[in-house]
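A short worksheet on the structure shown next.
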Amino acid sequence: MARVHTLARRTDAPAMLVQLTDCHLFGEPDTVMLGVNTDASLRAVLRQIEADGKHPDLLLATGDLSQDGEPAAYQRLAAILGAAPALEGARIRCLPGNHDLPVAMRHELPEWSVPVTDVGAWRVVSLDTTVPGSNAGHLPDSQLDLLEAALAEAPGRHTLLAMHHNPMQIDSHWHDSMMIDNPQALFKLLTRWPQVRVLLWGHVHHEFDRRRHNLRMLATPSTCFQFSIRDGKHVVDNLAPGYRWIKLYQDGSMATGVRRVQDALWQATQPGPDSAQAA
């Protein structure tokens, strides 16, 4: 069983979790991708968290932290998050996405890569759904075993489960070939462990909120460019980047919302017409 880190707090206080996802930082600083400087947009999201007065106990970064898997990208991510006033005192946990290089991520961010963390009355479990050489996702037996062991070890804890790839179709008019390819295995396992209350992911670059029986299923905007489905096609959206906050209560209930970078702050991050685009 993996190490479990516990975040100390008053036993009756709700825990505040903030999710950031799909930062797409490059090894080269201030690279522009799809019209967005991904470094600047991440900093803008962090300033928005500060402006909103959120003080997370746990910051959860759910994959595609880097676009190219370069060690320099993870080093810069650590520097940017470490310097953010909004994250002072927060623990940080991360998991890889399809654009990450998991070995490099774990080497550069070893403490942040711990898969099981207890905060308040909740357990947060992070799974690796990446498939080498593919944008699609898969949950191997090793990750399902990790999840089951984490649940069996703490049956009295409410649980939030995080991953990068979506475990279900986001839009019925678009065939999603990049979700996990074995969601049935996950949902079958979860039927045995009703303490799992929240299933959280990134990857899709937009907001999603749905219930499946007792399970709240959530996706979150990227900290850089956004996607949407229009007329059955996957397109880039001009919405501002954002983050998700989740308040986790002792009784297993939760409250959540998505906040996007406000217009003035977002426009200030936009590159000029002469800025280079990433290939």
Side-chain angles (χ1 to χ4, degrees), residues 18-26 30-46 48-49 60-69 73 77 94-100 127-131 133-138 162-181 183 199-210 216-246 256-263 265-267 269-271 275 277-279:
V18 163
Q19 181 197 11
L20 300 180
T21 194
D22 297 87
C23 306
H24 291 276
L25 301 187
F26 287 77
D30 293 311
T31 301
V32 175
M33 183 180 185
L34 297 179
V36 178
N37 178 320
T38 58
D39 282 40
S41 62
L42 173 59
R43 290 188 176 99
V45 171
L46 291 167
Q48 188 65 55
I49 295 171
L60 190 57
T62 54
D64 281 1
L65 310 181
S66 170
Q67 171 65 20
D68 53 15
L77 176 74
C94 62
L95 56 89
N98 49 291
H99 287 286
D100 287 303
L127 298 181
D128 182 350
T129 57
T130 60
V131 177
S134 174
N135 285 323
H138 178 75
M163 61 183 65
H164 179 68
H165 292 84
N166 47 308
M168 63 180 296
Q169 288 280 133
I170 299 297
D171 189 286
S172 61
H173 300 292
W174 180 61
H175 174 66
D176 191 346
S177 61
M178 294 194 297
M179 58 183 281
I180 62 172
D181 62 4
L199 178 53
L200 182 67
W201 63 86
H203 192 46
V204 297
H205 288 236
H206 66 259
E207 181 179 356
F208 180 85
D209 187 342
R210 190 172 298 175
R216 189 81 171 266
M217 305 178 67
L218 302 168
T220 298
S222 165
T223 65
C224 53
F225 50 87
Q226 311 302 307
F227 292 145
S228 63
I229 309 298
R230 293 177 188 161
D231 300 323
K233 297 180 180 179
H234 204 197
V235 298
V236 177
D237 201 311
N238 63 1
L239 288 170
Y243 71 94
R244 180 178 291 280
W245 60 268
I246 305 177
T256 187
V258 164
R259 286 282 292 165
R260 294 184 183 271
V261 176
Q262 298 303 290
D263 288 345
L265 189 56
W266 175 229
Q267 293 303 322
T269 71
Q270 297 305 287
S275 297
Q277 296 286 325

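Note that the coordinates shown come from a computational prediction; the quantities given were computed from them, not determined experimentally.
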Original post:
Has the side chain of Thr38 got a donor or acceptor atom that lies under 3.5 Å from a matching backbone atom of His24?
Top reply: yes

Original post:
What's the spacing between Ser222 OG and Asp64 CG if we round to 0.5 Å?
Top reply: 8.5 Å

Original post:
Does the pair Arg216 and Asp209 meet the rule for a side chain to side chain contact (heavy atoms under 4.5 Å, CB included), with working shown?
Top reply: CA-CA 7 Å; Arg216 189 81 171 266; Asp209 187 342; 2.8 Å; yes

Original post:
Are side-chain heavy atoms of Leu42 and Leu20 found at a separation under 4.5 Å?
Top reply: yes

**OP:** Check Pro167 against Pro183 and note the closest heavy-atom contact, atom names and distance.
**Re:** O-CB, 3.1 Å

Subject >> Considering all heavy atoms, the nearest Cys23-Thr223 contact >> reply: CA-OG1, 3.2 Å

Original post:
Shortest non-hydrogen contact from Gly137 to Val131?
Top reply: C-CG2, 3.9 Å

Subject >> Check: Asp100 side chain, Leu65 main-chain N or O, donor-acceptor pair, under 3.5 Å >> reply: yes

**OP:** Please answer whether the main-chain N or O of Gln19 pairs with a side-chain N or O of Arg244 as donor and acceptor at a distance below 3.5 Å.
**Re:** no

Original post:
Does Thr130 reach the main-chain N or O of Gly97 with its side chain, forming a donor-acceptor pair under 3.5 Å?
Top reply: no

Subject >> Flag side-chain contact, heavy atom, 4.5 Å: Thr31 against Met33 >> reply: no

**OP:** Report yes if the side chains of Arg259 and Val45 come closer than 4.5 Å at any heavy-atom pair, otherwise no.
**Re:** no

**OP:** May I ask you to test the Trp201-His165 pair for a side-chain heavy-atom distance under 4.5 Å?
**Re:** no

Subject >> Main-chain N/O of Glu207 paired to Thr220 side chain as donor or acceptor, under 3.5 Å >> reply: no

Original post:
Which atom names give the shortest non-hydrogen contact between Ala73 and Asp68, and what distance separates them?
Top reply: CB-OD1, 4.2 Å

Original post:
Under a 4.5 Å cut-off applied to non-hydrogen side-chain atoms, are Leu60 and Ile246 in contact?
Top reply: no

Subject >> From Arg210 atom CZ to Met217 atom CE, the distance as rounded to the nearest 0.5 Å >> reply: 8.0 Å

**OP:** State, to 0.1 Å, how close Asn166 and His203 come at their nearest heavy-atom pair, and which atoms those are.
**Re:** OD1-CD2, 3.3 Å

Subject >> Of His205, Gln226, His99, the residue whose pairing with Asp22 passes side-chain hydrogen bond (donor to acceptor under 3.5 Å, both in side chains) >> reply: His205

**OP:** List the steps and the verdict of side chain to side chain contact (heavy atoms under 4.5 Å, CB included) for Leu239 and Arg260.
**Re:** CA-CA 8 Å; Leu239 288 170; Arg260 294 184 183 271; 3.7 Å; yes

Original post:
Do the side chain of Gln262 and the main chain of Gln48 share a donor and acceptor less than 3.5 angstrom apart?
Top reply: no

**OP:** Among Asn98, Thr129, Thr62, find the one that has a side-chain hydrogen bond (donor to acceptor under 3.5 Å, both in side chains) with His164.
**Re:** Asn98

Original post:
What are the two closest heavy atoms between Val204 and Phe227, and how far apart are they?
Top reply: O-CB, 3.7 Å

**OP:** Please tell me if the side chains of Val235 and Ser228 come closer than 4.5 Å, counting only heavy atoms from C-beta onward.
**Re:** yes

